[in-house]
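Please read these numbers as outputs of a predicted model, since none were measured by experiment.
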Amino acid sequence: MSPINAYLTFDGNAAEAMRFYEKTLRGTMQMMMMTVGEAPDTDQMPAEAKKRIMHASLTYGDGILMASDTMPGQPFEGMKGFGVALTLDTVAEARRIFDAFADGGTVGMPFEKTFWVEGFGMVTDRFGTPWLINGGKALV
């Protein structure tokens, strides 16, 4: 069975978000981000659709984060009802990532020690992605 991986959908800023995640998570894009215009049989697509990301895939640690943009005219209600959970080996690395996501984002729970782990925080980054970040040793 394959692992469960997150697939995020953005409203025209998937490329910017994935470059930010690549840098912040110290990950590597598995392939170049493919735009809609680079896919076969897209000649009839409007120009604004061709610039949108059809697929992007980023590896970080043992995880994979994938993303695409919606197509123009499709409703985009934002990301809600889920969170992307990260577990980092050290509190320092978890804090670094939390702080990067908090810059321009919204902190739901400040990064602090909890009863289950040395450091935990919840943040929605500036792209609208909700993150749950654990760092350090498990305490239970």
> What pair of heavy atoms forms the shortest contact from Thr9 to Phe76, and how long is it?
Replying inline: O-CE1, 3.2 Å
>> Using every non-hydrogen atom in the two residues, find where Val107 and Ala102 come nearest and quote the distance to one decimal.
In response: CG2-CB, 3.9 Å
> Are any of the side-chain heavy atoms of Phe115 and Leu139 separated by less than 4.5 Å?
Replying inline: no
>> If hydrophobic clusters are built by linking Ile, Leu, Val, Met, Phe, Trp and Tyr wherever their side-chain heavy atoms come under 4.5 Å apart, do Val117 and Met109 end up in the same one?
In response: yes
> With a 4.5 Å heavy-atom cut-off, do Val123 and Phe111 have their side chains touching?
Replying inline: no
> Leu88 and Phe120: same hydrophobic cluster, using ILVMFWY side-chain contacts below 4.5 Å?
Replying inline: no
> Are Val140 and Val91 joined in one hydrophobic group, where the rule is that I, L, V, M, F, W and Y side chains link up if heavy atoms are under 4.5 Å apart?
Replying inline: no
> Taking all atoms of both residues into account, what is the closest heavy-atom pair of Ala6 and Val84, and its distance?
Replying inline: CB-CG2, 4.3 Å
> Do Arg19 and Glu16 meet the salt-bridge criterion of a basic N to acidic O distance under 4.0 Å?
Replying inline: no
> Measuring from His55:NE2 to Asp69:CG, what's the distance to the nearest 0.5 Å?
Replying inline: 12.5 Å
> Measuring from Asp103:CG to Arg126:CZ, what's the distance to the nearest 0.5 Å?
Replying inline: 6.5 Å
>> Between Leu25 and Leu86, does the side chain to side chain contact (heavy atoms under 4.5 Å, CB included) criterion hold? Intermediate values first, please.
In response: CA-CA 10 Å; Leu25 298 172; Leu86 294 177; 3.7 Å; yes
> So does Lys51 have more than 12 non-hydrogen atoms from other groups sitting under 6.0 Å from NZ?
Replying inline: no
> Going only through I, L, V, M, F, W and Y residues with side-chain contacts under 4.5 Å, is there a path from Leu58 to Phe82?
Replying inline: yes
> Counting distance only, does the side-chain N/O of Glu93 pair as donor-acceptor with the main-chain N or O of Thr90 below 3.5 Å?
Replying inline: no
>> Please check: side-chain N/O of Glu22 versus main-chain N/O of Met29, any donor-acceptor pairing under 3.5 Å?
In response: yes
>> For Glu112, I'd like to know if atom CD has over 12 heavy atoms of other residues, nucleotides or ligands within 6.0 Å.
In response: yes
>> Working note: Tyr21 + Phe101, criterion side chain to side chain contact (heavy atoms under 4.5 Å, CB included); need CA distance, chi angles, decisive distance, verdict.
In response: CA-CA 9 Å; Tyr21 299 149; Phe101 289 159; 3.9 Å; yes
>> I need the minimum non-hydrogen distance between Thr24 and Ile97, along with the two atoms involved.
In response: O-CG1, 3.8 Å
> If we only count heavy atoms from C-beta on, is the Arg52 to Asp11 side-chain gap below 4.5 Å?
Replying inline: yes
> Closest heavy-atom contact between Ala67 and Phe10?
Replying inline: CB-CE1, 3.7 Å
> Would you say Ile4 has more than 12 foreign heavy atoms packed within less than 6.0 Å of its CD1?
Replying inline: no
>> Taking Ile133 as the starting point, is it possible to reach Tyr60 by hopping between hydrophobic residues whose side chains are less than 4.5 Å apart?
In response: yes
>> Which heavy atom of Pro130 sits nearest to which heavy atom of Met79, and what is that distance?
In response: CD-CB, 4.2 Å
> Is there side-chain contact between Ser68 and Tyr7, with at least one heavy-atom pair below 4.5 Å?
Replying inline: yes
>> Surrounding CG of Asn5 (heavy atoms of other residues, nucleotides or ligands, distance under 6.0 Å), is the total greater than 12?
In response: yes
> Would a 4.5 Å heavy-atom cut-off, applied to side chains only, mark Ile53 and Met18 as touching?
Replying inline: no
